[in-house]
Amino acid sequence: MILFLVLANLFWAGNYIFGKSIVDVMTPLQMTFSRWTIAVCLLFPIAQLIEKPDWRSVFKAWRLILILSVFGVIGYNFLLYEALRFTTSMNAALVNAMNPALIVLLSALVLRERISGKHGVGLLISLLGVLLVLTKGQLSQIIHIDYNEGDLLMLLAILVWSIYSILGRRMAGIPPIAGTAVTALFGLILLLPFAISFGGFNFPLTKETITGVLYMGIFPSVGSFIFWNASIRQIGASRAGIYLNLITVFTAIMSVIMGQTITWIQVLGGGLVFAGVYLTSRMKKPARSDTAAEKLEEQVTH
């Protein structure tokens, strides 16, 4: 199971690297549409093979699935790839690492879930780490600094993802792979007129773009999903969740291999984000824990 968890997060980390590598020749809209077109073609047969779902009952939840498509398939991915036009894959991964803490905060505000003192401290530490990355260590100029547009877009992306995650908890009765397949399908239907109107499919079919699109459509969208699903069924969502911090670690390693530099501010900020996420994730086991399907719905579109 550890190997599956490592591979799942490795594939998600690659989404940042490959997304950054082709964002100059493909629009975020084209990247999002192409990625999920490939994923849909694979998710439906995989869902049928593994889960054998009652598709009619899945489609009955179309209203919720439609909303999840807007936030999870379209909103988050479009904002992520748009952010990568202006910031580094490393910065994007560091900001994204605050996502679990933000979900805890929004759950407290929207669902009235209680935040303990330890979790509050964790949120503040994570926020400090992200601010260090955004301001490049110049915290004294936090009000006046000229922020990187990509980092701000990434903040908006994790806000959208957090909303999606909270709404996704209502998908508990739907098989996870089938639910994701239909969510992605609805997202493609919504994206299609925009994809045709704004650039269509007119992008260079180079080795780099084909490799990038195939990677994003197969590995983070399908491969990570299956490995994650298998893992949480064996060891539980809470234990598996700790491994999500590997996304940033793998992104950093890949960035260095590809020639990008990592500053000590990014290292310090990332360390604070990890520490904060660790504190917020050490919750007491609730009387009614999240199911594997709920947790998977929260993570699948990374």
Side-chain angles (χ1 to χ4, degrees), residues 12-13 15-20 22-24 26-33 35-36 66-111 123-136 139 141-169 183-184 187 190-191 194-195 198 216 220-221 244 247-248 251 266 269-270 272-273 276-277 280 297-302:
W12 276 324
N15 187 37
Y16 293 86
I17 301 298
F18 279 92
K20 181 65 176 179
I22 64 175
V23 75
D24 290 333
M26 294 181 67
T27 68
L29 182 59
Q30 290 171 331
M31 293 167 67
T32 302
F33 187 85
R35 167 188 175 176
W36 287 105
L66 186 63
I67 296 173
L68 292 174
S69 295
V70 171
F71 282 96
V73 173
I74 300 174
Y76 174 79
N77 289 281
F78 178 83
L79 289 169
L80 165 62
Y81 296 136
E82 185 70 19
L84 289 174
R85 292 177 58 204
F86 305 100
T87 192
T88 65
S89 55
M90 188 65 224
N91 263 28
L94 284 170
V95 175
N96 188 75
M98 190 184 173
N99 211 325
L102 183 58
I103 291 174
V104 171
L105 178 60
L106 287 181
S107 296
L109 295 175
V110 177
L111 305 178
L123 288 170
L124 291 176
I125 293 175
S126 291
L127 178 60
L128 176 60
V130 170
L131 288 176
L132 277 175
V133 174
L134 297 184
T135 63
K136 299 180 180 178
L139 290 178
Q141 302 179 28
I142 191 170
I143 298 177
H144 307 289
I145 196 167
D146 183 19
Y147 291 100
N148 182 294
E149 183 178 348
D151 294 337
L152 296 180
L153 284 170
M154 198 61 212
L155 279 176
L156 182 58
I158 66 169
L159 175 61
V160 168
W161 181 257
S162 298
I163 295 172
Y164 165 81
S165 300
I166 292 174
L167 293 174
R169 295 179 182 181
T183 301
L190 293 174
L191 280 173
F194 297 98
F198 298 98
M216 293 186 294
S221 303
L244 290 171
I247 294 176
T248 308
T251 302
Q266 288 177 316
L272 289 174
V273 171
V277 170
T280 55
E297 271 299 313
E298 293 178 14
Q299 302 298 341
V300 68
T301 58
H302 273 80

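Along the sequence shown, the residues carry numbers beginning at 1. Hydrogens, waters and symmetry mates play no part in the numbers below; they use all other heavy atoms, side chains included. Values in this document were obtained by computation on a predicted structure and should not be read as measured data.
Among residues two or more places apart in sequence or in another chain, the side chain to side chain contact (heavy atoms under 4.5 Å, CB included) test is passed with Leu191 by Leu29, Thr32, Phe33, Ile74. With sequence neighbours excluded, the residues satisfying side chain to side chain contact (heavy atoms under 4.5 Å, CB included) with Leu84 are Lys20, Leu80, Tyr81, Ser89, Ala92. Applying the side chain to side chain contact (heavy atoms under 4.5 Å, CB included) rule to Val23 yields the partners Met31, Arg85; only residues at least two apart in sequence or on another chain are considered.
Taken to the nearest 0.5 Å, the OH atom of Tyr16 stands 11.5 Å off from the OG1 atom of Thr87. One distance of note links CG of Leu68 with OG1 of Thr183; it measures 5.5 Å at 0.5 Å rounding. Atom-to-atom distance recorded for Phe78:CZ and Gln30:CD is 11.0 Å, nearest 0.5 angstrom. Distance CD1/Ile67 to CD1/Ile163: 11.5 Å, rounded to 0.5 Å. Atom OH of Tyr164 sits about 15.5 Å away from atom CG of Leu159, to the nearest 0.5 Å. With rounding to the nearest 0.5 Å, the separation of OH in Tyr76 from OG in Ser162 is 9.5 Å.
Of all non-hydrogen atoms in Trp36 and Asn77, the two that sit nearest each other are NE1-ND2, 3.4 Å. Of all heavy-atom pairs between Gly150 and Phe86, the closest is N-CB, 3.4 Å. Here the closest heavy-atom approach between residue Ala157 and residue Leu79 is recorded as CB-CB, 3.7 Å. Nearest heavy-atom pair across Met216 and Ser221 is O-OG, 2.7 Å.
Side chain of Thr251 to backbone of Met90: no donor-acceptor contact under 3.5 angstrom is found.
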